[in-house]
A.B. asks: 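The following block contains the structure, expressed as structure tokens.
Remember, it's 1-based here, ligands and their atoms both numbered in the order they're listed.
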Amino acid sequence: MSAVSLAEERRVEPTLMWRDGAIVTLDQTALPHQEVTLRITTVDDLIDAITRLAIRGAPALGIAGAFGVALSAYQHCHDGRLLTERVQHDATRLAHARPTAVNLAWGVQRALSRLPEGADAVLSEAIAMAEEDERINRTAARHAADLIRQLCPHPRLRILTHCHTGRLATGGWGTALGAIRHLAADGQIEMVLATETRPLLQGARLTVWELREAGIPHRLLVDSAAATALATGMVDCVVVGADRIAANGDVANKIGTYSLALAAARHQVPFLVVAPESTFDAQTPNGAAITIEERPATEVTTLAGLDVTCTDTSAFNPAFDITPTELITAVVTEERIRYGGRHRGDAPAPTVAERLARLSTVVPDFPRPGIRFRDLAGVYTCADTLRDAAYALTEAFRGEFSHVVAVEARGFILGTAVALAANRPLVLVRKAGKLPGPLRSVTYQLEYGQDTLQMQDHTVPPEGRALIVDDVLATGGTLSAVAELVTQNGASVAGFGVLWELPDLNGAQRLHPHRVVALGRERS
Ligand code: MRU
């Protein structure tokens with residue numbers, strides 16, 4: 001095996017190529033600092049490259065296995081006679097080089113099936129597999145991108161991914177990272193969070209390298225920060241690849257995937273797996289039956305060649321874990337979407353109204369007897385829902401407003417989110433005595449009492465069109481007072497946007513003829 005830097009090879013794209021009797025590929029252990037090209041000419045060197053993870057990623061392993069059978073077939077072809085037993089022996093060694101990814105044994109087997117036709121037939125099968133894999137990945141990734149858009153209907157998405165599932169882990173393009181590429185091409189990626197993926201840092205070294213190469217915004221986080229990212233609303237969707245999918249839908253993937261799925265379920269963030277159909281293993285009934293590769297302790301006890309613990313410390317170093325199907329929203333392949341337990345039947349994703357209802361509570365006799373108070377505080381604890389609500393209001397009034405006018409106190413929260421989503425200036429309407437002048441003032445009747453609201457002069461210019469937002473529409477007293485402040489300024493009212501409406505109190509009628517959009521409403 002020889003190693004040479006060949007920038008040209010990288011431009012040629014396919015991850016694994018056959019050149020003059022050798023397998024040519026980038027050494028994934030040298031990245032991101034060096035682009036070292038490997039020329040592999042023997043099965044032993046290929047097994048070495050696979051076991052030390054110079055070639056890795058389930059679909060790439062399948063292609064490598066197939067090329068390995070071709071190498072062996074040419075090596076054991078003498079005077080037109082093929083020593084099939086020798087090739088079969090090599091094939092078995094190759095298939096067992098790493099036990100968890102089903103693709104490796106699958107690729108070996110598929111190439112081996114052409115052995116009776118001779119070495120050229122084996123090679124052409126391997127080349128076909130490499131080309132086919134890129135097409136398959138693009139299709140599976142496209143389906144996954146569509147499903148993500150359906151499950152997370154925001155224009156710009158924050159995606160968390162684990163390990164490395166990009167072009168180098170496959171025949172080209174990538175699976176989970178391929179879905180991210182599609183979304184990025186459509187301008188829909190706000191941020192990718194890439195876990196570093198201990199112990200061998202495939203995320204830090206390879207995912208970051210590919211994201212940077214593709215110009216996709218990203219941040220790196222340690223694996224143990226992922227749950228916090230999910231808990232604090234930094235993630236719209238988790239997308240990962242797979243090494244083997246059991247008949248019941250349990251998924252084997254890089255160690256740490258299971259913890260991500262647990263945290264995603266806890267925080268109601270969709271969890272998607274993207275893989276080619278060939279990753280399904282119908283012979284394996286469930287995750288418990290999947291062999292998990294255990295790797296050397298030194299991968300844990302050292303970091304970049306340096307000891308990080310006491311000498312001779314023993315380690316538990318499984319390379320993969322099992323995510324049960326109950327924790328998965330869906331597995332997406334080039335052919336289908338197989339829903340997991342996180343997806344209730346084929347029901348559509350919950351609407352913003354459903355999420356608002358779920359996150360809020362009704363408090364009877366608050367703040368006075370006889371009043372049923374809709375407490376939306378829970379909505380503000382879920383950044384995802386607040387963001388979607390802001391986008392929904394922005395969409396409902398798209399092109400119709402120049403300013404967002406928000407009313408104290410909870411209206412400020414929604415107002416800020418809408419102003420950010422719409423990229424429009426935010427104007428604050430406050431209770432009496434809080435704003436320096438010159439001011440406009442309006443005194444009005446509340447559902448329970450009287451109040452005065454104030455707005456600074458000219459904060460909405462005369463040609464301005466105000467979208468007035470608040471959390472709840474009850475009698476409409478507060479919102480019509482805000483509308484009066486806006487019109488006193490000489491500006492016009494584009495409409496009213498609220499999270500929640502209490503229709504029994506006829507607030508919308510009071511605000512007529514202006515349009516009112518309420519994302520959720522109390523049932524009478
Ligand atoms: O040990 P690795 O780096 O080969 O593990 C790889 C993974 O777990 C990937 O997520 C999986 O193979 C999918 S690659 C498209």
A.B. asks: Looking only at heavy atoms, is any part of A242 under 4.0 Å from ligand 1, and if so is it the side chain, the backbone, or both, or is it neither?
C.D. replies: backbone

A.B. asks: Under a heavy-atom criterion of less than 4.0 Å, does P59 contact ligand 1?
C.D. replies: yes

A.B. asks: What atoms of ligand 1 come within less than 4.0 Å of a heavy atom belonging to G57?
C.D. replies: 4 (O), 12 (O), 14 (S)

A.B. asks: Counting only heavy atoms closer than 4.0 Å, does ligand 1 sit against the backbone of K254, its side chain, both, or neither?
C.D. replies: both

A.B. asks: Is there any ring-ring contact (aromatic ring centres under 6.0 Å, His included) pair reaching into residues 167-188, and which pairs are they, with sequence neighbours excluded?
C.D. replies: W173-H182

A.B. asks: Examine ligand 1 and decide if any of its atoms is less than 4.0 Å from a heavy atom belonging to R98.
C.D. replies: yes

A.B. asks: Heavy-atom contacts with A58 under 4.0 Å: which atoms of ligand 1 show up? List them by number with element.
C.D. replies: 12 (O), 14 (S)

A.B. asks: Below a 4.0 angstrom heavy-atom separation, can you tell me which part of T175, side chain or backbone, both or neither, approaches ligand 1?
C.D. replies: side chain

A.B. asks: Considering only the protein, which heavy-atom contact is closest to atom 11 (C) of ligand 1, and what is its distance?
C.D. replies: D243 OD1, 3.2 Å

A.B. asks: Quick test of your reading of the model: are D223 and R198 salt-bridged, counting only N-O distances below 4.0 Å?
C.D. replies: no

A.B. asks: Hey, mind stepping through D186 and R142 against salt bridge (Lys or Arg N to Asp or Glu O under 4.0 Å) and telling me if it holds?
C.D. replies: CA-CA 11 Å; D186 294 339; R142 171 59 72 197; 3.5 Å; yes

A.B. asks: Answer with yes or no whether H164 contacts ligand 1, where contact means a heavy atom under 4.0 Å from a ligand atom.
C.D. replies: yes

A.B. asks: Find the distance between CD1 (I63) and CD1 (I23) and round it off to the nearest 0.5 Å.
C.D. replies: 11.0 Å

A.B. asks: If the contact criterion is a heavy-atom separation under 4.0 Å, does A319 count as touching ligand 1?
C.D. replies: no

A.B. asks: Apply side-chain hydrogen bond (donor to acceptor under 3.5 Å, both in side chains) to the pair Y258 and N253, showing each step before the final yes or no.
C.D. replies: CA-CA 8 Å; Y258 174 44; N253 192 49; over 6 Å; no

A.B. asks: Closer than 4.0 Å to some heavy atom of F320 - which atoms of ligand 1 meet that?
C.D. replies: 1 (O), 5 (O), 8 (O)

A.B. asks: Going by the side chain to side chain contact (heavy atoms under 4.5 Å, CB included) test, name the single residue among V87, T84, L82 that passes it with C77.
C.D. replies: L82

A.B. asks: Taking E134 first and then R138, would you say they form a salt bridge - that is, a charged N and a carboxylate O separated by under 4.0 Å?
C.D. replies: yes

A.B. asks: Testing D243, I255, V251, T257 one by one against F320 for a side chain to side chain contact (heavy atoms under 4.5 Å, CB included), which residue passes?
C.D. replies: D243

A.B. asks: Would you say the side-chain atoms of T197 pair up with the backbone N or O of C163, donor to acceptor, closer than 3.5 Å?
C.D. replies: yes

A.B. asks: Looking only at protein heavy atoms, identify the closest one to atom 9 (C) of ligand 1 and say how far it is in Å.
C.D. replies: N253 OD1, 3.4 Å

A.B. asks: As a test of understanding, state which of Q202, K254, E210 forms a side chain to side chain donor-acceptor pair (under 3.5 Å) with H164.
C.D. replies: E210

A.B. asks: List every atom of ligand 1 that sits less than 4.0 Å from any heavy atom of Q202, numbering the atoms from 1 in the order shown and giving each element.
C.D. replies: 1 (O), 2 (P), 3 (O)

A.B. asks: Could you find the nearest protein heavy atom to atom 6 (C) of ligand 1 and give me its residue, atom name and distance?
C.D. replies: R56 NH2, 3.4 Å

A.B. asks: Is any N or O atom of A169, backbone or side chain, closer than 3.5 Å to an N or O atom of ligand 1?
C.D. replies: no

